[in-house]
Amino acid sequence: WYLQASHSPKDVVILMDTSGSMTGSREYVAINAIKAIIDTLLDDDFFNILKFAGETEYLEECFAGHLVQANSDNKELMKRNLDTQIKSEGIANFEEALVTAFNLLHSNRERGSNCNQAIMLLTDGAVENYHHIFEKMNKERRIRVFTYIIGRDVKNAPAVKWMACNN
């Protein structure tokens, strides 16, 4: 009961970079980080997971275009899919992934938790900050963006840090 009492409902879109640079230990760390995020969600939260490289895809196709309740069945399904449906290859298309995530949250604003909204981005870096997307899709900064940089090579970290600090 204590967890529920201190919890604020939220809508969360998790974006997982599955480009070729995320192979091996980076992929492993990202998958386990996402599982940990999923474990923090409670029944009054809504979420979905998008994987992106050249194209952005829903981790569970049945959930395409929707935020789903973070009940135990949906959370376990997504964790199983993380173990079976991730293959890192190609080049990350951040622009498409960010637009898809923002559109998903915008279209579910009244149908999800009807409270806080967030994007969780897991990547090993981005070459630009995509300011134009944030200016268009999150001008009022109603959607929080949290970023997780994975790996030792953080030369592209400033762009990802900008995404988190300015949104």
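Side chains included, hydrogens not; waters and symmetry mates left out as well; all remaining heavy atoms used.
- To the nearest 0.5 Å, the span separating CG on L41 from NZ on K75 amounts to 6.0 Å.
- Residues R109 and Q117 share a closest heavy-atom pair of NH1-OE1, 3.1 Å.
- Within a 6.0 Å radius of NZ in K136, no more than 12 heavy atoms belonging to other residues, nucleotides or ligands are found.
- K161 contributes atom NZ, which lies 10.0 Å from atom CG of N166 (distance to the nearest 0.5 angstrom).
- Put simply, L42 and M120 are part of two different groups of oily side chains (I, L, V, M, F, W, Y) that touch within less than 4.5 Å, one to the next.
- The shortest heavy-atom contact between I49 and M78 is N-CE, 3.7 Å.
- Heavy atoms of other residues, nucleotides or ligands lying less than 6.0 angstrom from NZ of K79 number more than 12.
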message: Evaluate L105 against R142 for side-chain contact (heavy atoms from CB on, under 4.5 Å), listing each step before the verdict.
response: CA-CA 10 Å; L105 289 169; R142 292 181 66 186; over 6 Å; no
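- A 4.5 Å side-chain heavy-atom check between Q85 and R80 finds every atom pair outside the cut-off.
- Cluster membership check: V12 shares its hydrophobic cluster with L77, using side-chain heavy-atom separations under 4.5 Å among Ile, Leu, Val, Met, Phe, Trp and Tyr.
- Residues N48 and L67 share a closest heavy-atom pair of N-CD2, 4.1 Å.
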task: Show your reasoning for whether side-chain contact (heavy atoms from CB on, under 4.5 Å) applies to R144 and N116.
output: CA-CA 8 Å; R144 292 295 323 226; N116 299 307; over 6 Å; no
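- Nearest heavy atom pair, residue A92 against residue S19, reads N-CB, 3.5 Å.
- Across all non-hydrogen atoms, the minimal contact from E60 to N81 is OE1-ND2, 2.8 Å.
- No side-chain donor-acceptor contact under 3.5 Å links N74 to the backbone of A70.
- For residues 70-102, the pairs satisfying ring-ring contact (aromatic ring centres under 6.0 Å, His included) are F52-F94, F94-Y130, F102-F134, with sequence neighbours left out.
- Rounded to the nearest 0.5 angstrom, L98 CG and N138 CG are separated by 10.5 Å.
- The nearest pair of heavy atoms linking L121 to M163 is CD2-SD, 3.7 Å.
- Side-chain atoms of N93 and E55, non-hydrogen and from C-beta on, never get closer than 4.5 Å to each other.
- Taking CG of D45 as the start and CG of N71 as the end, the distance is 11.0 Å to the nearest 0.5 Å.
- Residues V68 and I34 fall within the same hydrophobic cluster, defined by Ile, Leu, Val, Met, Phe, Trp and Tyr side chains chained together at heavy-atom separations under 4.5 Å.
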query: Can R26 and D17 be said to form a salt bridge (Lys or Arg N to Asp or Glu O under 4.0 Å), step by step?
result: CA-CA 10 Å; R26 290 178 183 184; D17 179 351; over 6 Å; no
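- F63 and L50 sit in two unconnected hydrophobic clusters of ILVMFWY residues. Membership requires side-chain heavy atoms under 4.5 Å apart, directly or through other members.
- In this structure, CG on L122 lies 12.5 Å from CD on E27, to the nearest 0.5 angstrom.
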- prompt: Do F47 and K10 pass the side-chain contact (heavy atoms from CB on, under 4.5 Å) test, and can you show the C-alpha distance, the side-chain angles, and the key distance before you say yes or no?
  reply: CA-CA 8 Å; F47 78 113; K10 59 194 160 296; over 6 Å; no
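- No donor-acceptor distance shorter than 3.5 angstrom exists from the side chain of K87 to the backbone of T18, with no hydrogens or angles considered.
- Enclosure of atom CD in E128 by more than 12 non-hydrogen atoms of other residues, nucleotides or ligands within 6.0 angstrom is indicated.
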- request: Please report the C-alpha distance between H106 and M137 in whole Å, then the side-chain angles of each, then the deciding distance to 0.1 Å, and finally whether the side-chain contact (heavy atoms from CB on, under 4.5 Å) criterion is met.
  value: CA-CA 9 Å; H106 289 308; M137 307 287 297; 4.1 Å; yes
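- Distance CD/E95 to OG1/T56: 10.5 Å, rounded to 0.5 Å.
- The shortest side-chain heavy-atom distance between N167 and I143 does not fall under the 4.5 Å cut-off.
- T100 has its side chain within reach of E96: a pair of non-hydrogen atoms, C-beta onward, lies under 4.5 Å apart.
- Hydrophobic clustering of Ile, Leu, Val, Met, Phe, Trp and Tyr side chains at less than 4.5 Å, counting indirect connections, keeps V160 apart from M22.
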